[in-house]
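What follows is a short report on a single structure.
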Amino acid sequence: MVMTLNSLMRTASAGALLAATILVSAPGAHAQATGGNGGWFVPKAAHPNAAPARPVQRRVPVAAPSEDEESAPVEQQQAPPILPLPPIPAPPTVAKASPPPAAVIGVINVQAVMQISSAWQEIQQVLGARRDRLAQAVQREEAAWRGEQQKLQAQARSLTSDQIQLRERHLQERRAKDQHDFGNQARIIQEAAQVAMHQIERELEEPNGIIAAVAAAHNMNLILHAEQVVLHVGGQDITEEVGTQLNKTLPHVFIPDDGVDPEQLARSGKMPTTADEQRQSQGSQAPGPQQAPASAPSESVLRQHH
């Protein structure tokens, strides 16, 4: 009986991690469908600048140096190896070509555009509320599970070993079901955020999107992130203009209803899916008889900066 209760206590010690585990358990594979980081969406708050992860330093056993090694000069110990140097062909002469047009540069602050965007604020408000409700449900279930575990401990003296094992197994099954159910709800919320954010991405970044339109209106042919620019003049910053146009064009976004699984919605055929978008992109980038294969699309600027 004591051993059974000890195993139950080990299960309970892992219970404190349930809330944190569930709320971040949306599989990373689903984030990959929209660019790879499932982590760009934080409701009700801008993303803090995450501190870079510190690499784990592992000590490797090193044999003590011999007397000869200790007496050898440092330069001799650190001398690089001498390796073969195979010959390489001389590059051909490249024919002269017409120069590119002169660069007319603009800058944009994507984070500032999001702060202007009413659609982005809607995403934060709606999905932030859903995540708050999920967190509260996790906390309630955690408290209820611990109450059942404490009740079992209090009644252990009056129960047989088989009865304790049966109730312990029920608690473990309840824990596993909680992790599955709450993890699935967290995934649904995360994917709903991806659906909503992708609408803003497409509106801004497509070849005929808002950024391209605003740049063309100013005859700009090169747009840089404001964070990459040390100095620019006010007329080169298109942030506010892009944010204003975004609110006019896309004041609201479609967000799947609460509890609606975006993956099931995609399978229903009620609207185009990311798979359709990918097939269309691959078809438009298919190399012609004398065309080089198109390179992979770059990551969304929204996900790079959020």
Side-chain angles (χ1 to χ4, degrees), residues 1-33 36-45 48 50-51 53-61 125-195 255-268:
M1 180 182 301
V2 174
M3 295 180 62
T4 305
L5 289 177
N6 287 339
S7 64
L8 179 60
M9 289 299 295
R10 287 194 297 271
T11 305
S13 65
L17 300 177
L18 175 63
T21 302
I22 287 172
L23 292 181
V24 297
S25 62
H30 296 90
Q32 253 59 340
N37 183 347
W40 45 258
F41 175 70
V42 175
K44 293 189 177 179
R54 295 183 179 178
V56 177
Q57 297 182 353
R58 298 180 180 177
R59 297 185 178 274
V60 180
Q125 180 179 2
V126 173
L127 297 180
R130 293 182 189 178
R131 291 189 67 171
D132 288 346
R133 289 194 295 270
L134 177 58
Q136 293 169 4
V138 170
Q139 292 174 357
R140 288 194 300 269
E141 176 59 19
E142 181 71 20
W145 191 93
R146 286 189 174 278
E148 291 295 326
Q149 182 256 345
Q150 292 171 0
K151 185 187 300 184
L152 176 57
Q153 290 178 346
Q155 298 173 351
R157 294 183 180 277
S158 61
L159 298 175
T160 65
S161 177
D162 291 341
Q163 289 174 327
I164 292 177
Q165 290 180 358
L166 178 61
R167 291 179 60 175
E168 180 187 16
R169 184 168 64 252
H170 288 167
L171 285 175
Q172 293 173 345
E173 292 172 352
R174 179 175 177 176
R175 171 69 70 196
K177 183 177 183 299
D178 289 342
Q179 291 178 337
H180 177 271
D181 293 345
F182 289 135
N184 191 54
Q185 293 177 45
R187 174 190 62 81
I188 289 174
I189 294 174
Q190 180 67 18
E191 290 182 353
Q194 295 173 13
V195 171
I255 302 176
D257 292 336
D258 193 5
V260 174
D261 190 333
E263 294 184 13
Q264 294 181 2
L265 183 61
R267 288 192 291 267
S268 70

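Looking at heavy atoms from C-beta onward, Arg130 lies in side-chain contact with Arg133 at the 4.5 angstrom threshold. Between Gln163 and Gln155, the closest side-chain pair of non-hydrogen atoms is not below 4.5 Å. Using a 4.5 Å heavy-atom threshold, the side chains of Gln153 and Glu148 count as separate.
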Practice prompt. Might you work through the side-chain contact (heavy atoms from CB on, under 4.5 Å) test for Arg175 and His170, ending with a clear yes or no?
Written response: CA-CA 9 Å; Arg175 171 69 70 196; His170 288 167; over 6 Å; no
Discussion item. Please determine whether side-chain contact (heavy atoms from CB on, under 4.5 Å) holds for the pair Lys151 and Arg167, giving the CA-CA distance in whole Å, both sets of side-chain angles, and the decisive distance to 0.1 Å.
Written reply: CA-CA 11 Å; Lys151 185 187 300 184; Arg167 291 179 60 175; 4.1 Å; yes
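Under the side-chain hydrogen bond (donor to acceptor under 3.5 Å, both in side chains) criterion, Lys177 pairs with Asp181, not counting sequence neighbours. Annotation: salt bridge (charged side-chain N to carboxylate O under 4.0 Å, His left out) contacts of Arg174 (sequence neighbours excluded): Glu141.
His180 NE2: 12 or fewer foreign heavy atoms inside a 6.0 Å radius.
Contact between Val260 and Ile188 at its shortest, heavy atoms only, is O-CG2, 3.4 Å. Here the closest heavy-atom approach between residue Pro262 and residue Val195 is recorded as CB-CG2, 4.2 Å. Counting all heavy atoms, side chain and backbone alike, Arg187 lies closest to Asn184 at NH2-OD1, 2.7 Å. The minimum heavy-atom distance between Phe182 and Leu134, with the atom names listed, is CD2-CD1, 3.7 Å. Residues Leu152 and Leu159 share a closest heavy-atom pair of CD1-CD1, 3.8 Å.
The CZ atom of Arg131 sits 9.0 Å away from atom CG of Leu127, with the distance rounded to the nearest 0.5 Å. Taking CD from Glu173 and CD from Glu168, the interatomic distance works out to 11.0 Å, rounded to the nearest 0.5 Å.
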